[in-house]
Amino acid sequence: MEAGWWGVLIAVLGGTIRIGTPFLFVSLGECLTEKSGRINLGLEGTLVMGAMTGYAVSLHSGSPWLGVLCAGLAGMMLGALHSWLCSFQRVNDIAVGIAMMLFGTGLAFFLGKPYIQPSAPRLPSIDLGAWSDIPQLKAALQINALFLIGIVVAIVLGWMLKNTAWGLKVRVAGESADAARALGLPVDRIRIMSTAQGGFLAGIGGSYLSLYYPFNWSEGLSSGQGLMAVALVIFARWQPMACLWVSLLWGGAAALGPSLQSVGITGGYYIFNAIPYIMTLAVMIITCSPRRTLVGVPHELTVTR
Amino acid sequence: MNDGAPPDLQTLGITKRFGPLTALKDVNFRLRSCRFHALLGENGAGKSTLVKCIMGYYHPDEGTISLDQQQVTIRSPRDAQAFGIGMVYQQFTLIPNMTVLENLVISKAKLTPIINWQKEEHQLTQFMEKMPFKVPLTARVGSLAAGEKQKVEILKQLALQNRILILDEPTSVLTPQEADEMLGHLRAMTLGRQLSVLIITHKLREVAAFADDVTVLRKGRFVGSGKVSELKITQMAEMMVGSEVTAKPKQRNERLSKVPKLVLQNIRVKNDIGVEVVRGVHLTIHEGEIVGVAGVSGNGQHELVEVLAGQRQATAGTIHVHDQPYQPTREKIMRHKIFCLPEEPLQNTCVGRMTVAENLAFRNFDVEPHAVGGWLMSRPALCRSARGLIERYNIKPPYPEIPIQSLSGGNVQRAVLARELSADVEILIIANPCFGLDFLAMEEIRLQIVAARNRGTAVLLVSEDLDEILELSDRTVVMFNGRLVYETASPGADLAVIGRHMTGHAT
Ligand SMILES: Nc1ncnc2c1ncn2[C@@H]1O[C@H](COP(=O)(O)OP(=O)(O)OP(=O)(O)O)[C@@H](O)[C@H]1O
Ligand SMILES: [Mg+2]
C-alpha cells in the first residue's frame with residue numbers, strides 16, 4: 001500500500017503538469033484580454049477551434065508544431081473578431097463572448113467532422129525522468145515543450161505588462177478608457193490587439209489538447225477550460241505568474257480522480273472529477289461579495305463596473 | 001522647461017451650441033502671459049464648456065482661438081498639449097490602480113518601447129525638486145488623499161512642460177488648507193514667470209486672495225472682466241448674477257420638542273476592501289434638529305452615509321427610526337419619509353442617461369398620478385411634475401426630456417435636492433450639499449435645509465466645510481477614524497478644539 005500512495009502522488013504530479021498546461025495557456029490569454037478591459041468568454045470556442053485546427057494541420061502537413069502555430073493563428077482570428085464586434089457602440093463583451101463561444105465550437109465541429117477517426121502525428125515530449133528507474137516517475141516527468149514555453153510566456157507577459165510601453169498602454173486601457181482617451185491612446189485598437197493575442201494563446205492551449213493530451217479530436221475534447229479560465233484569472237488576481245500557479249493547482253485537482261483510479265480507488269470517482277468545477281464555483285462565490293471590491297481588478301471590466 | 005514666458009491666449013467670438021441650447025455666445029476672453037486668471041459664473045454659465053473648447057475637447061461652432069496673436073486650430077487635447085496648454089479636469093483623470101510614477105510616465109508624449117523605471121524615477125525626482133510640492137512617487141494613486149491627487153494632476157501637466165494651466169474647480173475636492181497651499185504654489189509660479197493659470201472656481205475668497213484678473217460669464221455670454229485689485233467681492237458677485245446680492249439671514253425657529261427621530265447605535269461598517277472604517281457610531285437626532293458631522297474626508301463619513309442611504313450594509317449595530325428598527329427598504333423609506341442627498345449625486349443617485357423628468361420621479365414614479373392604477377406609467381404626468389420642480393428649484397436648462405448627465409454639475413445637485421425635498425420629509429441625510437455650487441445656489445439650498453428643519457425634519461448634515469456646519473447645525477459632532485470623538489452645541493463652538501479633534505490631536 002505504501003508504494004501505492006507514492007504512486008498516487010507521482011501520478012498527481014505528472015497529471016498536474018499534463019492537465020494544467022492548457023489551463024495555463026487559456027488563463028494567460030484571458031489575463032491579457034482582461035488587462036485591456038474586456039472579458040472574452042469566447043475562449044472556450046477558441047480552445048476547441050484551436051484543437052481542431054492543430055489536429056487537422058498536423059495530420060495534413062505531418063508537422064505537429066505547424067499545427068500548434070496554425071491553432072494559435074485560428075485563435076487569433078476569433079479573438080480579433082470578438083474584439084472587433086465589441087468595439088461597436090453599446091455592444092456588450094459578455095454577450096458577444098457567449099455568441100463567439102457557440103460560434104467557435106460549432107465551426108470546429110463542422111470543419112472537424114473528417115478528423116474524428118484518423119490519427120495525426122503527436123507533439124513530442126521531453127524526458128526529464130531519464131535518470132530515474134521508477135517507471136511511474138518516468139511517466140510523470142514526460143513533459144511537453146509547450147509547458148516550458150507556457151512558463152516562459154507567463155514570465156515574459158508579466159514583465160512586459162510592467163516594463164514596456166505596450167504593457168502600460170494595455171493596462172491604462174483596462175483601468176480607465178476615459179483616461180486612455182485623454183492621453184490620446186487608441187483604446188479600441190489596444191483592446192483588439194490584446195484580445196487577438198489572448199486568442200492566440202488560447203488557440204495554442206487547444207492544440208495541446210488535441211496534439212498531446214488527451215491526444216485526439218472529438219467533440220467532447222474540452223471540458224470547460226475556456227470558461228474556467230475566467231475564474232482562474234480572478235483567482236490569480238490578474239497576474240501572469242500567479243496564472244501559472246493557479247493553473248497547476250487546477251491541473252492537480254483535475255488529476256486527482258484519475259490518479260486515485262489508477263491505484264484502484266474508484267469510490268467517489270465522479271466527486272473527484274468534479275473538484276475543478278467545485279473549486280471554480282467556490283472562487284466565484286468567495287470573490288463576488290457585494291460588500292467589497294477585488295484588489296487588482298482592471299476597472300473597465302463590465303462585470304465590475 | 002523651455003525659456004521665454006508662456007504665450008498670450010485669446011478667444012474671439014466663440015459660440016458653442018448643443019442642439020437647441022446655446023451654451024456659449026460670442027465669447028471674447030484673454031489670458032495674458034504669466035497671469036493668474038479666474039473664470040467666474042453661475043452653475044451652467046458655460047465655464048467648463050469654454051475651457052473645453054480651448055482644449056479641443058469640444059469644437060466651437062464659431063470663433064477662433066489664438067496664441068500670441070497667431071490663430072491656431074486645436075482639434076484635440078493632444079493638439080492643445082503640443083501648444084503647451086494643459087488642463088486639470090473637474091474629475092480626476094488619474095488611474096487609481098497605478099503608482100504616481102506610472103501615472104506620470106504614461107502621460108508623456110513619447111514612450112520608449114522598454115521603460116527604464118530607474119531612469120524615469122530619477123528624472124522625475126529631479127523634476128520634482130524644482131517644484132514647490134512633492135508627492136511620493138511609489139505610492140498607489142488610489143491611496144492618496146484628494147489634495148495629493150490634485151497635486152499629482154498638476155505635476156503631470158507641468159512635467160509635460162505645459163506653460164498654460166487650466167483648472168476646472170480644482171479646489172472643490174480639497175480642504176481649505178489644502179486649497180490655499182496649492183493655489184499659493186501656483187501663484188508663486190506665475191510670479192516666477194513660469195506659468196499662466198486659468199482657474200474656474202465658485203469660491204470668491206480664493207479669487208480675492210490669489211487671482212490677478214477675473215472674467216465673468218453669465219448664461220453663456222461674456223459680461224465683463226477686470227483686475228481683481230480693482231473689484232470688490234460683491235461687485236464680482238453682482239456681475240455673475242446680474243443683480244444685487246445680499247445674503248439673507250436664515251430664520252430659525254426655537255426648537256420645541258425633544259423627540260428622538262433617528263437613533264444610531266454602535267454602527268460598524270467595512271469599506272470596499274474590507275477594512276472597518278466606521279467603528280462604533282452612536283448618534284441620536286431629534287425632531288427639528290440639524291446635527292453636523294465634521295471631519296476630514298476619509299474618516300468613515302462616506303460609508304456611514306451609504307449605510308443610511310441603503311447603499312451599503314452595516315456589519316453591526318442598529319438603526320431606529322421613530323423608535324422602530326429600520327432597514328432601508330422602499331416601503332420603510334416611504335413610511336418614515338427618510339430621504340438622502342449623498343455626495344456626487346450624478347454617480348450616486350441618478351441614472352445619467354435617463355431624462356431629468358425620470359430622474360426627478362425616482363421617489364414616486366410608482367404612485368398616482370405618475371403610475372395610473374399603480375402600474376401604468378404616464379409620461380405626461382411625469383413631465384408635468386418635472387416642470388413644476390424645475391421651475392421651483394430653478395434647474396437649468398428647463399427641459400424635462402434631456403438626459404440628466406448633460407446638466408452642469410450644479411444643476412444636477414439642484415435636481416436631486418428637488419427630488420429629495422419635494423415631498424414631506426421626516427429625516428434628511430445630506431452629504432456635502434454645496435459641493436460645486438455657485439454661491440446663489442448655495443444660499444438657496446442652505447435656506448431649504450434650514451426651512452426643512454423648521455418644519456420639524458431631523459437633519460444629518462455631513463460636510464467637509466466646517467463653516468457650513470457651524471452656520472447650519474444645532475449640534476456639531478466630529479468624526480475621526482470611524483468614531484464620533486467630540487460633540488458640542490454649534491452656536492459658540494470653539495473652532496480650535498474642533499480642529500484638534502478633526503486631526504486627532506486632542507488629548
Ligand atoms: N455635452 C453636452 N450636451 C448638452 N448640453 C451640454 C453639454 N455640456 C454642457 N451642456 C450645457 O451647457 C451649459 C453650460 O454648461 P457648463 O458645464 O459649461 O456649465 P458650468 O459653467 O461649468 O457650470 P458648473 O458651475 O455647474 O460646472 C449647461 O446648460 C449645460 O446643461
Ligand atoms: Mg463646470
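Protein chains get the first letters and strands the later ones, always in sequence-line order, with residue 1 at the start of each.
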Is it the side chain or the backbone of B/Val105 that comes within 4.5 Å of chain A heavy atoms, both, or neither?
side chain
How about A/Trp84: does its CH2 atom have over 12 heavy atoms from other parts shown lying under 6.0 Å from it?
no
Hey, are the side chains of A/Lys169 and B/Ile106 touching, using non-hydrogen atoms and a 4.5 Å cut-off?
no
Looking at A/Trp65, I want to see if its CH2 is surrounded by more than 12 non-hydrogen atoms of other residues, nucleotides or ligands under 6.0 Å.
yes
Count the heavy atoms of every other residue, nucleotide or ligand shown that sit under 6.0 Å from CZ of B/Arg330, and state whether that count exceeds 12.
yes
With the side chain counted from C-beta on, respond yes when B/Met98 and A/Val172 share a heavy-atom pair under 4.5 Å apart, and no when they do not.
yes
Using non-hydrogen atoms and a 4.5 Å limit, figure out which bit of A/Arg181 sits close to chain B: side chain, backbone, both or neither.
neither
If you count heavy atoms of other groups shown closer than 6.0 angstrom to NE2 of B/His122, is the number above 12?
no
Distance-minimising heavy-atom pair for A/Ser176 and B/Ile95
CB-CG1, 4.4 Å
Would you check if A/Trp159 and B/Ile114 make a side-chain contact, meaning some heavy-atom pair closer than 4.5 Å?
yes
Of all heavy-atom pairs between B/Leu111 and A/Ala165, which one has the smallest distance, and what is that distance?
CB-CB, 3.7 Å
Can you confirm whether A/Phe235 is buried at CZ, in the sense that more than 12 heavy atoms of other residues, nucleotides or ligands lie under 6.0 Å from that atom?
no
Please check if the side chain of A/Asn163 supplies one atom and the backbone of B/Asn116 the other of a donor-acceptor pair under 3.5 Å.
no
Are the side chains of A/Leu168 and B/Ile115 in contact, using a 4.5 Å heavy-atom criterion?
yes
With a 6.0 Å cut-off (strictly less than), is the heavy-atom count around CZ of A/Phe103, excluding the residue itself, greater than 12?
no
Counting only heavy atoms not in A/Met279 (residues, nucleotides, ligands), do more than 12 fall under 6.0 Å from its CE?
yes
Which bit of B/Thr112 is near chain A, if near means a heavy-atom gap under 4.5 Å: side chain, backbone, both or neither?
backbone
Does B/Met354 CE have over 12 foreign heavy atoms under 6.0 Å away?
yes
Got a donor-acceptor contact below 3.5 angstrom from the B/Trp117 side chain to the A/Lys162 backbone?
yes
